There are 2 protein chains.
Amino acid sequence: MARKAGSHSEITGPRVQAAAVELFARHGYAAVSMRQIAAQVGVQVGALYNYTPDKQGLLLDIMNRHLNELFEAWQAEPKPDDPIGQLEAFSRFHVRFHVTRPDTMFIAQMELRNLTPENFEAVEGLRRRYEGALEAILQEGQEGGLFRITDVRLATMAVLALLTGVANWYREGGRLPLEEVERIHWEMVRSAVGAGAS
Amino acid sequence: MARKAGSHSEITGPRVQAAAVELFARHGYAAVSMRQIAAQVGVQVGALYNYTPDKQGLLLDIMNRHLNELFEAWQAEPKPDDPIGQLEAFSRFHVRFHVTRPDTMFIAQMELRNLTPENFEAVEGLRRRYEGALEAILQEGQEGGLFRITDVRLATMAVLALLTGVANWYREGGRLPLEEVERIHWEMVRSAVGAGAS
DNA sequence: TGCATATCTGAACAAGTGTTCATGTGAAAG
DNA sequence: CTTTCACATGAACACTTGTTCAGATATGCA
């Protein structure tokens, strides 16, 4: 097929996405206008509609991409066989992933309620699939007597909350290096689920 | 002074606040219009301005009230002398408070970026004061050799994230009674900071 | 060179935004 | 009963919203 005539879309398309991510993350979906996005790209409003059917489409794309990348990156992650090792891998991965993508992570966390019901359903499914990966680790470790967890479901939510919280304050080049932040979070998670030192 | 002539404000005022809380929590500050709030109260838009100088004032009031009530309720809470007991008191208090006020808690967490800079400064100050209360407990327990914390600042954020997360899924009349939810969270916090069983 | 067409502009649309204010209304005070 | 004024109405203000589209532009191909 090759490139079509007069095509800029492979340049402008990503820039539209990037502008949407930055502005949605900073001001929130509802507070950002299509005109602001267009201005950030350096284009008129109408041009945006070559790259998205509507404003909602921008948000849906961002969320879908974020959650798919999250899940696929986790699947690609090298994982030990034992639940403790897996939990360490998960903890470190989750911290690292979110710290390096604060914008899309923020959007995925905050803008769920701005999705239309059917879009919400789809995105929520992706989120739960990832959550399920953690829950399975905790479940297996609990059954194998490696963890001391009172309630696996609740522990899943708590661990996720603890790990996700890091994105709210971590800044690159801050007081602590990423490796240290990873390690400390893993230590806290390990303690919280009652796993002995590795 | 007594009540003034033709006064409904002591009825309508709180209803405006309540409507704002409910709608902001459900749809987000930026997505809610003054007309929606007025409709929920059963009044015309203009009437709202008898109770707030502007839309921003509604948000500021909600946040100020939430954070002041949070801090004052914590101060009024009975607290043991030892850091471990204090951390348990804090954990249980924080869970209980947020689970019983999911709406204002949600707003206080999500809508910080919709405050004007000077309002943000004020509200952020209140938030930090509360955060400081937890940090002081962790610091004291760490210095007394009761906790095993690698980094007090990071641990403060992590504990707060873990405990605040509960409001995102807990529903009254759900699978677990509140007392159980409190207890499990306290156990996880205790483990995470390396405090022995009480 | 000129054709085809992907991409962008610029203007327009109807609807919705926060806020203001002259006017109306009804309950309490005298 | 009359006066007073807190409170509410309803319309208007200037502006912004998401979206559409006819027409201009500019790029790659023949």
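Below, chain A is the first sequence line, B the second, and so on; all start at residue 1. Treat the numbers as computed from the prediction; the structure is a model and nothing was measured.
In this model, a side-chain donor or acceptor of A:R35 finds a partner on the base of D:dG18 within 3.5 Å.
In this structure, A:R15 places its CZ atom 15 Å from P of C:dT7, rounding to the nearest Å. Summarising the geometry, the separation between OH on B:Y49 and P on D:dG10 is reported as 18 Å, rounded to the nearest angstrom. To the nearest angstrom, P of D:dC21 lies 13 Å from CG of A:N50. To the nearest angstrom, P of C:dC8 lies 14 Å from CE of A:M34. Following rounding to the nearest Å, A:Y29 (OH) and D:dT17 (P) show an atom-to-atom distance of 13 Å. B:I11 places its CD1 atom 12 Å from the C1' atom of D:dC7, with the value rounded to the nearest Å. Rounded to whole Å, atom C1' of D:dG18 lies 9 Å from atom CG of A:D54.
Here the closest non-hydrogen pair linking B:S91 and B:W186 is OG-CE3, 3.8 Å. Here the closest non-hydrogen pair linking B:V193 and B:I149 is O-CG1, 3.9 Å. Here the closest non-hydrogen pair linking A:A30 and B:A30 is CB-CB, 3.9 Å.
In the region residues 40-48 of chain B, proximity to DNA chain D at under 4.0 angstrom, judged on heavy atoms, holds for B:V43, B:Q44, B:G46, B:A47.
Contact annotation: B:Y51 reaches the phosphate of D:dA8 (side-chain N/O to OP1 or OP2, under 4.0 Å). In this model, the phosphate group of C:dT17 is approached by a side-chain N or O of B:S33 to a distance below 4.0 Å at OP1 or OP2. Phosphate proximity of D:dC7 to B:T12: absent, as no side-chain N or O sits under 4.0 Å from OP1 or OP2.
Positionally, the nearest nucleotide of DNA chain D for A:Q36 lies more toward the 5' end than for the other of A:Q36 and A:P53.
Between B:H66 and B:F106, the ring center distance fails the sub-6.0 Å criterion.
Other residues, nucleotides and ligands contribute more than 12 heavy atoms inside 6.0 Å of the CD atom of A:Q75.
Of the N and O atoms on the side chains of A:T164 and A:H98, not one donor lies less than 3.5 Å from an acceptor on the other residue.
Judged by distance alone, with hydrogens and angles left aside, the side-chain atoms of A:Q56 form a donor-acceptor pair with the main-chain N or O of A:T116 at under 3.5 Å.
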